[in-house]
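A short worksheet on the structure shown next.
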Amino acid sequence: MTPNELPAIELYSHVDGEDMPVVWLKEMAEQALPHCLESKGTEDPLLSSFEEIEVSLVSDETIAQVHWEFMNDPTPTDVITFHHGEILVSAETARREGPTHGHTAQEEALLYIIHGMLHLNGHTDLVEPEREAMHRCQEKILRQVIAGGG
C-alpha cells in the first residue's frame with residue numbers, strides 16, 4: 001500500500017434485516033477511515049498497514065461463540081477486533097443498544113466499526129484514561145461522518 005492509498009473495506013452481512021444496509025455502512029466506514037487513521041492510540045497502529053479491512057455483521061450467538069473462543073467470555077459483545085484486520089459487529093446488539101444511545105441501529109453498527117478501526121490504529125479501551133479518550137474520538141468521528149463532514 002502506498003502512503004496515499006487507504007485500506008479497502010469489505011463488509012459482509014450474516015444477518016437479516018433492512019436496518020443494516022451494507023452499502024450505507026460500507027460507504028460511511030470508508031468516510032470514517034481517514035479520521036481513524038489520523039487518530040493514533042497509545043499502542044502500535046496497524047490500520048495503515050492493511051490492504052483490506054474485513055467487517056462482518058453477525059448475530060449475538062455468533063459473536064458470543066467468538067468471544068468465548070478467543071477471550072474466554074461466553075457473553076455476546078458489541079464488537080470484536082482482530083489484529084489481522086477483521087472486525088466482527090453484533091447487529092443484534094446494535095439494534096438493542098442504539099436507541100439507548102440516541103442512535104439508529106445502523107448508526108450504532110457504524111460506531112462499532114469505527115471502534116474496531118480505532119483499535120486497529122492503536123487505541124485501547126482496557127484502562128482509563130485511554131478508554132474515555134477512545135470513546136470521545138469514536139463519537140466525534142461518528143458525528144462528522146453522519147453529518148456529511150466526511
Within 6.0 angstrom of Asp19 CG, more than 12 heavy atoms from elsewhere: yes

Say you draw a straight line from [atom1] of [X] to [atom2] of [Y]; how long is it, rounded to the nearest 0.5 Å?
| X | Y | atom1 | atom2 | answer |
| --- | --- | --- | --- | --- |
| Thr100 | Glu108 | OG1 | CD | 6.5 Å |
| Thr81 | Asp125 | OG1 | CG | 8.5 Å |
| Cys137 | Glu130 | SG | CD | 13.0 Å |
| Glu30 | Ile9 | CD | CD1 | 5.5 Å |
| Lys140 | Arg136 | NZ | CZ | 10.5 Å |
| His83 | Phe50 | NE2 | CZ | 8.0 Å |

Non-hydrogen atoms of Met117 and Ala29 that approach each other most closely: CE-O, 3.6 Å

So, do [X] and [Y] sit near enough that their side-chain heavy atoms are less than 4.5 Å apart?
| X | Y | value |
| --- | --- | --- |
| Ile87 | Leu120 | yes |
| Ile63 | Val79 | no |
| Leu142 | His103 | yes |
| Pro76 | His67 | no |
| Glu107 | Trp24 | yes |
| Asp60 | Arg96 | yes |
| Glu52 | Pro7 | no |
| Glu97 | Asp78 | no |

Sole residue of Leu110, Ile113, Ile114 in side-chain contact (heavy atoms from CB on, under 4.5 Å) with Gln138: Ile114

With Ser39 via side-chain hydrogen bond (donor to acceptor under 3.5 Å, both in side chains) - residues at least two apart: His123

Strictly distance-based, threshold 3.5 Å: is any side-chain N or O of [X] a donor or acceptor partner for the main-chain N or O of [Y]?
| X | Y | result |
| --- | --- | --- |
| Ser13 | Val15 | yes |
| Lys40 | Gly122 | no |
| Glu128 | Glu132 | yes |

Criterion side-chain contact (heavy atoms from CB on, under 4.5 Å) on Glu139 and Leu111, from CA distance to verdict: CA-CA 7 Å; Glu139 287 289 341; Leu111 180 69; 3.7 Å; yes

Cys36 and Leu47: CA distance, side-chain angles, deciding distance, side-chain contact (heavy atoms from CB on, under 4.5 Å) verdict: CA-CA 8 Å; Cys36 293; Leu47 188 56; 4.0 Å; yes

